[in-house]
Amino acid sequence: MVLVERRIGLLFAFFLMLLSIAALRSLQLGTLKGGMLTRAAASQQVSETVVPAHRGTITDRTGEELAVSQAADDVSATPYLVKDPAKAARRLAPLLGVSEADILKKLVRRDTGFVYLARHLPGEKADKVKALGIAGIDLAPGQRRTYPRDYLASQVLGAINMDGKGAAGLEYELDSRLHGTDGLRRIVRDGVGDDVSVRDLKRAQPGARVELSLDANIQDKTEEVLKGIGQTYRPRGATAIVTNPQTGEVLALANWPLIDANNPSAAPGYANQDRAVGYTYEPGSTFKAITVAGALEDGKVTPDTSFNLPPQIQVADRTIKNAEDRGWATMTTSDILAKSDNVGAITIGRLLGGRRFDQWVRRFGFGRPTGVDLPGEERGLVLPYSKYSGSSMGNLPIGQGELVTPMQIAQFYGAIANGGILRSPHVVRRIDGRLQAQPAGRRVMSAKTAAALRNMLKGVLAPGGTASLVKIPGYTLAGKTGTANKVDPLTHAYSETNYIASFVGFAPADNPKLLISIMVDEPHGGSIFGGQVAAPAFGKIASFALQYQKIEPDEASP
């Protein structure tokens, strides 16, 4: 009997101890850790998710879509909640386009509670993933940026990063307008992870619709022509800019090599650069129009001023001659520009004088950004007058010793074409339907000087000019060729093999509605001259664009 009572007492004491432990644990959980556990429970059942705003569409001037956003989800996993990783990997692999091994490797991790399995999965596939109902697999709403025309204007449009933010081109420049305002969504789930309620705490506001001044058809033709240059001359790169010189609107801006905007990593890194604004080079003979323009404005020459020019000219320690040898020659200012005569251009530059030459170069917009609404614009390099040497006026007037961008050259020749007003080129035309105000241009030369230059530049495409083979029936053309030695980065001397071939021109010559600038970096394959490499490209683009825009033929043409 005593033994029984003792056993009952021990059993009672044991249960009393268990009850005490439970009471203490209850006190700990309910009082000491209650707040923390409540928050943990809430976090497991209630979550707040950012709902990305619909990124704005980018179109050309006719409304053709160039960049659009589509519904897409990010697929993630909480590895320790996935009960059968191998089976889950097998079911997910076909939908995610990832190998089973790669998915399984992520699902068996125990060093983290979160891993991405796929980013920006298209909506249709995301719905199928959700329908699998795999515990521990989550989907977060997002978007996938696509470019319907693939290669078209890809360096201009740029790209966004994995987080949906602009990373290059207009996607970067206009990111704050295109991105919109993200929303916030609260999701309540039950114990097995099914959604009980979904409520938007803050609605997402879509990004702006951006209309560019580009015309997809002119852009397409321009890229086709540059592709032809690439196939024929195998250059390091090439750029073409098509503008309306009266307004500064950019109608096309193309770079070669072309890149697929939907797969930019497939192209070499330098191909992603927008060379129109991000590349600087010595312009060569296209700069001679700057020399002549300054001399005309200062009254040092007229188009008909005659010069008796020697075969070569000595400037300090430098002896300069033409690419093709000639004897003594009598030329007018117009002849010097048409034939791109180095000795003649230097003679005019020396009449102008170093100080005034420097002032005109800066007045014409060189040495500073054009203000075009594209990111990454270089300012070029203009030699300060204080650093001129005795030989400077032997190379600067012919486009050596200073660096420009293709956009700066297009801007300056635009001033010649439109009557003397330097305008900032622009690519963005409308945002959410509102026409974008553009800065007023400034007069940099008289209308008389601009008209004289237009007339003189016709000679470049006339018989005897450096681009005389380029003709478009029914239209008079004007422009300037350029062929410039590049500086060898190893020797720091001018290369005998690497050149920049360029051409910039407009049509119709007396009342230009179209300006086209071409720059070809290191052409190889038969010619290095601007008149043979770049000028024909101008002719092909202009011939298409004049007809496409229904620009009336020039009555003065033969």
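Everything numeric here is computed off the predicted structure, so don't read it as measured data. Scope of the values below: all heavy atoms of this structure, side chains included, with no hydrogens, waters or symmetry mates.
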Taking the side chain as every heavy atom from C-beta outward, state whether [X] and [Y] have any atom pair closer than 4.5 Å.
{"X": "Glu100", "Y": "Ile103", "value": "no"}
{"X": "Phe503", "Y": "Pro536", "value": "no"}
{"X": "Leu422", "Y": "Gln411", "value": "yes"}
{"X": "Leu435", "Y": "Arg429", "value": "yes"}
{"X": "Val487", "Y": "Tyr494", "value": "yes"}
{"X": "Pro235", "Y": "Trp256", "value": "yes"}

Using side chain to side chain donor-acceptor pair (under 3.5 Å) as the criterion, list what pairs up with [X], not counting sequence neighbours.
{"X": "Asn272", "answer": "none"}
{"X": "Asp215", "answer": "Tyr548"}
{"X": "Ser285", "answer": "Lys288, Ser340"}

Applying salt bridge (charged side-chain N to carboxylate O under 4.0 Å, His left out), which residue pairs with at least one partner in residues 537-548 are found, sequence neighbours left out? none
Could you tell me which non-hydrogen atom of His524 sits nearest to which non-hydrogen atom of Asn498, and how far apart they are? NE2-OD1, 3.3 Å
Closest heavy-atom contact between Pro85 and Val108? CB-CG1, 4.0 Å
Can you name the residues that form a side-chain contact (heavy atoms from CB on, under 4.5 Å) with [X], not counting sequence neighbours?
{"X": "Leu81", "result": "Thr78"}
{"X": "Asp521", "result": "Arg236, Arg275, Tyr279, Lys486, Ile500, Met519"}
{"X": "Ala77", "result": "Leu107, Val115, Leu117, Ile137"}
{"X": "Leu95", "result": "Lys128, Val129, Leu132"}

Are more than 12 heavy atoms from other residues, nucleotides or ligands located less than 6.0 Å from atom CZ of Arg203? no
Would the number of heavy atoms belonging to other residues, nucleotides or ligands and lying under 6.0 Å from CZ of Arg61 be above 12? yes
Please report, to 0.1 Å, the donor-acceptor pairs under 3.5 Å made by any side chain of residues 223-232, with sequence neighbours excluded.
| from | atom 1 | to | atom 2 | distance (Å) |
| --- | --- | --- | --- | --- |
| Glu223 | OE2 | Ala153 | N | 2.7 |
| Glu223 | OE2 | Gln219 | NE2 | 2.8 |
| Glu224 | OE2 | Lys221 | NZ | 3.4 |
| Thr232 | OG1 | Gly228 | O | 3.0 |

Is the shortest side-chain N to carboxylate O distance from Arg119 to Asp74 below 4.0 Å? yes
Charged N-O contact under 4.0 Å between Asp175 and Arg55: yes
Looking only at side-chain N and O atoms, does Gln143 offer a donor or acceptor that is under 3.5 Å from a partner on Ser69? yes
Scan side-chain atoms only and decide if Glu249 and Thr243 contain a donor-acceptor pair under the 3.5 Å cut-off. no
Carefully, step by step, assess Glu171 and Ile160 under the rule side-chain contact (heavy atoms from CB on, under 4.5 Å). CA-CA 6 Å; Glu171 295 278 27; Ile160 64 172; 3.8 Å; yes
Out of the candidates Ile58, Val428, Asp373, only one should pair with Leu174 under the side chain to side chain contact (heavy atoms under 4.5 Å, CB included) rule; please name it. Val428
Ring pair (Phe, Tyr, Trp, His ring centres under 6.0 Å) contacts touching residues 123-176 (sequence neighbours left out): none
Considering only residues two or more places apart or on different chains, which pairs with a residue in residues 104-135 satisfy ring pair (Phe, Tyr, Trp, His ring centres under 6.0 Å)? Phe114-Tyr116
Holding to ring pair (Phe, Tyr, Trp, His ring centres under 6.0 Å), I want the full list of residues that pass it with Phe287, two or more places apart in sequence or in another chain. Phe366
